[in-house]
Amino acid sequence: QVQLVDSGGGSVQPGDSLRLSCTTSGRIFSSAVMAWFRQAPGKERDFVAAFRWGAGQTLYADSVKGRFTISRGGAANTAALQMNSLKPEDTAVYYCARGVDLSSTLSSYRDWGQGTQVTVSS
C-alpha cells in the first residue's frame, strides 16, 4: 500500500505564504493524480486542488484559484501546494491524496496522507 506523508503546515498571519509537501513511498506514475483536500473543524473535507502527474493538467476549487498552485515538488515522488495570500478561512487540516481521475470528488481518491495543520490568524 502506498503511503503519503504530508508536511509543511504551520501558523501564519493573513497575507502570508506556506508551501505544503506530500511525499509518497513509491514511484508516482504519469497517469496518477495528486490532490489536496482540507477539513476545518466541524466541517466536511473539501477539495482544494489536483493535478495529473505526467500531463500537468490542473483543477482548483474556486476559493483558491489565483492564490494556490499545485505542482511537483522539488524532490522525487513529492507533490507540493504553494499557498499565497492566505486568509483566515483557509485554516484547516490539509490532506494530500492520490487517485487516477482528475476530480474534486472525495471518493475518487484512495490513498491519503495523515494531514498537516494550517492556521491563519492575526
Side-chain angles (χ1 to χ4, degrees):
Q1 184 176 354
V2 173
Q3 291 185 323
L4 280 65
V5 178
D6 308 325
S7 63
S11 295
V12 298
Q13 294 186 338
D16 285 351
S17 298
L18 273 177
R19 184 176 176 88
L20 305 183
S21 293
C22 175
T23 302
T24 71
S25 60
R27 176 186 171 189
I28 303 176
F29 292 94
S30 60
S31 59
V33 172
M34 301 298 293
W36 290 91
F37 286 73
R38 64 188 181 186
Q39 188 167 17
K43 296 189 176 182
E44 296 183 346
R45 191 170 297 189
D46 292 331
F47 172 75
V48 175
F51 85 110
R52 190 173 298 283
W53 189 257
Q57 298 166 296
T58 57
L59 184 66
Y60 291 95
D62 288 343
S63 59
V64 306
K65 279 181 182 177
R67 299 189 298 124
F68 291 11
T69 302
I70 188 171
S71 66
R72 296 191 184 199
N77 299 329
T78 299
L81 182 69
Q82 177 66 39
M83 305 186 295
N84 298 329
S85 302
L86 283 161
K87 304 175 182 180
E89 51 263 44
D90 295 318
T91 295
V93 178
Y94 283 70
Y95 298 89
C96 73
R98 193 179 86 157
V100 295
D101 295 323
L102 190 66
S103 169
S104 61
T105 305
L106 200 71
S107 59
S108 295
Y109 298 89
R110 186 185 67 180
D111 302 309
W112 291 86
Q114 82 286 358
T116 184
Q117 176 70 48
V118 172
T119 302
V120 185
S121 174
S122 56

Aromatic contact, F37 with Y95 (centres under 6.0 Å): no
One should read off an interatomic distance between W53 CH2 and F29 CZ, to the nearest 0.5 angstrom, of 12.5 Å
Between the side chain of Y94 and the main-chain N/O of V48, is any donor-acceptor distance below 3.5 Å? no
Apply side chain to side chain contact (heavy atoms under 4.5 Å, CB included) to residues W36 and I70 and explain how you reach the verdict. CA-CA 8 Å; W36 290 91; I70 188 171; 3.5 Å; yes
Quick one: CG on L20 to CZ on F68, what's the gap to the nearest 0.5 Å? 8.0 Å
Considering all heavy atoms, the nearest L81-A49 contact: CD1-CB, 4.2 Å
Taking the six-membered ring for Trp, are W112 and Y109 parallel (under 30°), tilted (30 to 60°) or perpendicular (over 60°)? perpendicular
May I ask you to test the S121-P88 pair for a side-chain heavy-atom distance under 4.5 Å? no
If you look at every heavy atom in L102 and R52, which pair is closest and at what distance? N-NH2, 3.6 Å
Side chain to side chain contact (heavy atoms under 4.5 Å, CB included) between F51 and T69, worked out: CA-CA 10 Å; F51 85 110; T69 302; over 6 Å; no
Under 3.5 Å, is there a donor-acceptor pair between the N84 and S17 side chains? yes
Can you tell me which residue among V118, D90, T116, V93 is in a side chain to side chain contact (heavy atoms under 4.5 Å, CB included) with R38? D90
Drop me the distance from T23's OG1 to N77's CG, to the nearest 0.5 angstrom. 8.0 Å
Does the T105 side chain pair with the main chain of S103, one donor and one acceptor, at a distance under 3.5 Å? no
Sub-4.5 Å side-chain heavy-atom contact between L106 and R45: yes
Just wondering, do Q114 and V5 contact through their side chains at under 4.5 Å, heavy atoms? yes
Around atom CD of E44, are there more than 12 heavy atoms of other residues, nucleotides or ligands at under 6.0 Å? no
Main-chain N/O of S85 paired with R67 side-chain donor or acceptor, under 3.5 Å: yes
Nearest heavy-atom contact between T78 and S21 is CG2-CB, 4.1 Å
Show the nearest heavy-atom pair for residues R19 and G74, with the distance to one decimal. NH2-N, 4.4 Å
Side chains of Q13 and V120: closer than 4.5 Å at any heavy-atom pair? no
Please answer: with hydrophobic residues joined when any side-chain heavy atoms are less than 4.5 Å apart, are V33 and Y60 in the same cluster? no
State, yes or no, whether a side-chain contact exists between I28 and M34 at a heavy-atom distance under 4.5 Å. yes
Can you list every disulfide (SG to SG under 2.5 Å) pair that touches residues 4-82, not counting sequence neighbours? C22-C96
Would you sort out whether Q39 and D46 count as a side chain to side chain contact (heavy atoms under 4.5 Å, CB included), showing the intermediate values? CA-CA 6 Å; Q39 188 167 17; D46 292 331; over 6 Å; no
Identify the two heavy atoms, one from T91 and one from Q117, that lie closest to each other, and give their separation to 0.1 Å. CG2-NE2, 4.1 Å
Neighbour count >12 (heavy atoms, 6.0 Å) for atom CZ, R110: no
